[in-house]
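For clarity, every value in this text was computed on a predicted model and none was experimentally measured. We use all heavy atoms of the structure for the numbers below, so side chains are in, but hydrogens, waters and symmetry mates are not. Residue numbers run from 1 in the order of the sequence given. As the structure lists them, so they are numbered: ligands from 1, and atoms in each ligand from 1.
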Amino acid sequence: MATVSDAANKENNESTLADRKVTVIFVLGGPGSGKGTQCANIVQHYGYTHLSAGDLLRAERDSGSENGTMIDNMIKEGKIVPSEVTIKLLERAILETNNDKFLIDGFPRNEENRAAFESVTGIEPRFVLFFDCSEEEMERRLLSRNQGRTDDNIETIKKRFKFGGLMLQSLLKKFLMRLRLVLSHLVKRLLPSCSTIHPRICDLKYRWSNI
Ligand SMILES: Nc1ncnc2c1ncn2[C@@H]1O[C@H](COP(=O)(O)OP(=O)(O)O)[C@@H](O)[C@H]1O
Ligand SMILES: O=c1ccn([C@@H]2O[C@H](COP(=O)(O)OP(=O)(O)O)[C@@H](O)[C@H]2O)c(=O)[nH]1
C-alpha cells in the first residue's frame with residue numbers, strides 16, 4: 001500500500017518500501033528476555049538482517065537529532081517513543097539495507113505501534129517470535145548486562161515491566177488470533193542456546209521451515 005510519504009519520495013526519485021518486497025519477522029519479549037541475543041543467532045544461520053528498534057532509537061538520540069532529548073527521556077522513563085519516530089527509523093534502515101529479510105527486534109511495543117507500522121509501510125510480519133521469560137530472570141539479566149545503558153537500573157526496570165507488560169500481552173493476543181505467533185519453546189527446539197528461556201503454553205502453527 002503506497003503512503004503519502006511514498007508519493008513524496010517518488011517525486012524526489014527516492015526508492016520507497018512500495019518498491020521493495022521484504023519479509024519481516026517481529027521478535028518480541030520483555031526487556032532482557034534475550035531478543036537481541038537470539039537475533040544474532042538467527043542472523044548467522046538464516047541470513048536475516050537484524051534491526052533493533054531500541055538500537056535505532058539510541059543512535060538517533062546520540063546523533064544530535066531534534067528528537068534526541070525526547071527519545072532520551074522516554075527511554076529513561078521506560079515509556080514508548082511515538083510510533084512515527086520509530087517507524088521512520090525502521091523504514092530508513094530497511095531502505096538502506098540490501099537484503100530482503102529482516103528481524104525487527106523490540107518493535108512493535110503496543111497495538112498502536114503495530115497498526116501504524118502496517119498502515120505506513122504496508123508490511124505485515126511473516127510471523128512473530130516471542131521470548132517468554134519470568135520478570136525475576138529478566139531483572140537479573142538486565143542488572144548484569146553491563147552495556148552502560150541509562151535504563152538498566154532497578155528503578156527504570158520496574159517501570160519497563162509495569163508499562164510494557166500489559167501492552168505486550170494484548171499485542172500478543174492480536175498476533176495469536178492471526179496465527180502468527182511462535183513461542184519460545186518452539187524456538188528452543190531449533191536454537192539449543194535458548195535452553196534457559198522458560199517455556200509456556202501453546203500449540204500453534206509452526207512456520208520456521210518457511211524462513
Ligand atoms: N538464555 C539466556 N540465559 C542467560 N542469559 C541470557 C540469555 N539470553 C540472553 N542473556 C543475557 O541477558 C542479557 C539480556 O539479553 P538481551 O539479548 O540483551 O535481551 P533483550 O534484547 O531482550 O533486552 C544479556 O546480558 C545477555 O547476555
Ligand atoms: O519500538 C520501540 C523500542 C524501544 N523503545 C524504547 O527503548 C527502550 C529500550 O528498548 P530495547 O528494545 O532496546 O530494550 P529492552 O527494553 O527490550 O531491553 C524501551 O524501554 C522504550 O523506551 C520504544 O519506545 N519503542
* To do: With atom 4 (C) of ligand 2 as the reference point, say which of R141, R109, R149 has the nearest heavy atom.
  =>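 Nearest option to atom 4 (C) of ligand 2, by heavy atoms: R109.
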
* K101 side chain to I25 main-chain N or O, any donor-acceptor pair under 3.5 Å? ->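 Not at all, since once roles are kept as given, no pair shorter than 3.5 Å links the two residues.
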
Could you tell me which atoms of ligand 2, counted from 1 in the order shown, lie closer than 4.0 angstrom to a heavy atom of [X]?
X	value
T86	1 (O)
R145	18 (O)
G106	1 (O), 2 (C), 3 (C)
K79	21 (C), 22 (O), 24 (O)
V81	23 (C), 24 (O)
R58	9 (C), 13 (O)
G32	18 (O)

* For ligand 2, is there an N or O atom under 3.5 Å from any N or O atom of D55? ->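 In fact, backbone or side chain, D55 has no N or O that close.
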
* Under a heavy-atom criterion of less than 4.0 Å, does S33 contact ligand 1? ->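 Flag set, S33 near ligand 1.
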
* Among protein heavy atoms, which lies nearest atom 18 (O) of ligand 2, and at what distance? ->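 Of every protein heavy atom, R160 NH2, 3.1 Å lies nearest to atom 18 (O) of ligand 2.
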
* Asked: Where on D151 is there a heavy atom closer than 4.0 Å to ligand 2, on the side chain, on the backbone, on both, or on neither?
  ->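 Under 4.0 Å from ligand 2, D151 contributes side-chain atoms alone.
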
* Asked: Does an N or O anywhere in T37 fall below 3.5 Å from an N or O of ligand 1?
  ->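 In this structure, T37 places an N or O atom under 3.5 Å from an N or O of ligand 1.
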
* Asked: Which of these, F130, F127, F102, F117, sits in a ring pair (Phe, Tyr, Trp, His ring centres under 6.0 Å) with F26?
  ->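 Exactly one pass, corresponding to F117.
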
* Asked: Is the closest side-chain donor-acceptor distance between T121 and E91 under 3.5 Å?
  ->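 Note: T121 and E91 side chains miss the donor-acceptor criterion.
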
